[in-house]
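Everything on this sheet refers to the single structure shown next.
For the single chain, residues carry numbers from 1 onward in sequence order. Keep in mind that the numbers below use all heavy atoms, side chains included, and drop hydrogens, waters and symmetry copies.
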Amino acid sequence: MKFTEALDFKKLVTYIPNKIEPVHNWYYFKEGFSKQLVDTFIQRFGLNSKSLVLEPFCGSGTTPLACKQHGIRSVGFEVSPFFAFVSKVKTRDYDLEKLKRDIDIAISWKFERPESIPNEKHIRKVFSKYTLQDAIFYKNKIMEIENNYSRDFLLLGLIDSAMKSSWTKKDGAVVKIQKKGKPPLKKFFKYKIKKMFKDLKRSNIKPVETQIILGDSRNLSLDNETVDAVITSPPYLNKIEYSKIYNIETSLFFDFPKSKVRSYIGSKVDEFGSEIGFSDFPLTAKAYFSDMNDAIKEMYRVCKDGSKLAVVIGGGCYPDRAIECDRITAELAEKVGFKVEEILVARNSWCTRARTIKVGQVRESIILLEK
Ligand SMILES: C[S@@+](CC[C@H](N)C(=O)[O-])C[C@H]1O[C@@H](n2cnc3c(N)ncnc32)[C@H](O)[C@@H]1O
């Protein structure tokens, strides 16, 4: 297996470059990768308007949105209703006149104190009373909007603004609370929706078939051999539990059924490890690779012969060991039938225990595959 140091990708495998990318930056998703990473592989794989790109772990929709910006068809699968929502709002074709009318209405809303605000502890401790009143006032008004595209657009603007006015700071696997003065939500919200509209007007994105499906990558609702390329990053082993990190925005603004989307991609925990020689792995690692194996098999089924795949993946840290997720995933892909072209190593880091004791090195890499 060929490992190539590719430090040029160090920043591109993160969300950071998206902070200044119109539309991509509508919602801050720390676990996302950059538009430029997708641009790079669109070019390298020679994709064009006839291609269909799959993103089986869609997240905040970076791959489908970047494809759309290049006029390339794409389909994204995302198991979390919240992230599926974010991806849909970012990739829709809007009627700009209709949307502008609804934005103007939203900007003219005169604040009235809502009858009640949520009392749950996890919400109350991250917002001031006034921010929460603003958030609920705007949420209730947005829900009255008839056009569902406008409604979702404004709601995403509100969610991003509310989180920026909150005392939260997402820091790896935890949400920290930093009680310091924040500008009023009203101001953020009005600025945000105007800016989002400007992005749409300026971006000049042509309508192209872009599907975001609320679904599981281990069971893709696609026909065999229909996909030309995959550009994706599965959740990283043992890193974060998405439902916990994004619990504030989902519980404040939605009524989704409670579910867990852990850092391992499903909830099936079995003895998969022994089958492929990892019998001493922690149970969560076995479950992760078992689920990854199912997802890879599905990718193989839906990919055309000659299709190209870029899979961004990070190593897993446990108190007693570091796990090489790039190599193991590439081996699973090889067993399924893919050819492993190369593993580009974007970043090396140490796993530590008790903050200082080094237990092993992990890589963040891009696995390049071909069917
Ligand atoms: C690392 S993030 C992907 C980020 C994405 N590339 C972006 O730029 O926004 C992994 C995503 O996979 C989703 N996920 C986890 N398990 C899944 C599954 N079984 N099927 C589909 N999506 C899943 C998570 O909810 C998360 O949004």
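- The side chain to side chain donor-acceptor pair (under 3.5 Å) test applied to Lys371 returns no partner, not counting sequence neighbours.
- A donor-acceptor pair under 3.5 Å links the side-chain atoms of Arg151 to the main chain of Glu146, judged by distance alone.
- Ring centers of Phe281 and Tyr288: at least 6.0 Å apart, outside the cut-off.
- Applying the ring-ring contact (aromatic ring centres under 6.0 Å, His included) test to pairs two or more places apart or on separate chains, those with a residue in residues 95-130 are Phe111-Phe137.
- Judged purely by distance below 3.5 Å, without hydrogens or angles, the side chains of Tyr236 and Glu364 pair a donor atom with an acceptor atom.
- With hydrogens and angles ignored, the 3.5 Å screen pairs a side-chain donor or acceptor of Arg301 with a backbone N or O of Leu222.
- Remark: Arg353 pairs with Pro319, Ile357, Val359 by the side chain to side chain contact (heavy atoms under 4.5 Å, CB included) rule, at least two apart or across chains.
- Under the 30°/60° scheme for interplanar angles, the aromatic rings of Trp26 and Phe153 are found to stand perpendicular.
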Listed pairs under 3.5 Å, donor-acceptor, residues 42-53 side chains, sequence neighbours left out:
residue: Asn48; atom: OD1; partner: Lys50; partner atom: N; Å: 2.8
residue: Ser51; atom: OG; partner: Asn48; partner atom: N; Å: 2.9
residue: Ser51; atom: OG; partner: Asn48; partner atom: O; Å: 3.1

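- Pairs passing the ring-ring contact (aromatic ring centres under 6.0 Å, His included) check and including a residue from residues 342-371, sequence neighbours excluded, do not occur.
- Distance check, rounded to the nearest 0.5 Å: SG of Cys351 to CD1 of Ile323 gives 9.0 Å.
- We find the CG-CG distance between Asn18 and Leu12 to be 10.0 Å, quoted to the nearest 0.5 Å.
- For Ser365, the side chain to side chain donor-acceptor pair (under 3.5 Å) partners are Asp326, not counting sequence neighbours.
- Aromatic ring orientation, Tyr300 versus Phe338: perpendicular (interplanar angle above 60°, classes split at 30° and 60°).
- Judged as a side-chain hydrogen bond (donor to acceptor under 3.5 Å, both in side chains), the pairs with a partner in residues 185-194 (not counting sequence neighbours) are, in order, Asp134-Lys186, Asp160-Lys192.
- The salt bridge (charged side-chain N to carboxylate O under 4.0 Å, His left out) analysis of residues 308-317, with sequence neighbours excluded, yields the pairs Lys308-Glu341, Lys308-Glu370.
- With sequence neighbours excluded, the residues forming a side chain to side chain donor-acceptor pair (under 3.5 Å) with Thr232 are Glu55, listed by chain and number.
- Residues passing the side chain to side chain donor-acceptor pair (under 3.5 Å) test with Glu21 are Gln36, sequence neighbours excluded.
- Qualifying ring-ring contact (aromatic ring centres under 6.0 Å, His included) partners for Phe77, counting only residues two or more places apart in sequence or in other chains: none.
- With sequence neighbours left out, the side chain to side chain contact (heavy atoms under 4.5 Å, CB included) criterion links Lys19 to Tyr15, Tyr28.
- Aromatic ring pairs are classed by plane angle as parallel below 30°, tilted from 30° to 60° and perpendicular above 60°; the pair Phe41 and Phe9 is parallel.
- Aromatic ring centres of Phe197 and Tyr94 lie farther apart than the 6.0 Å criterion allows.
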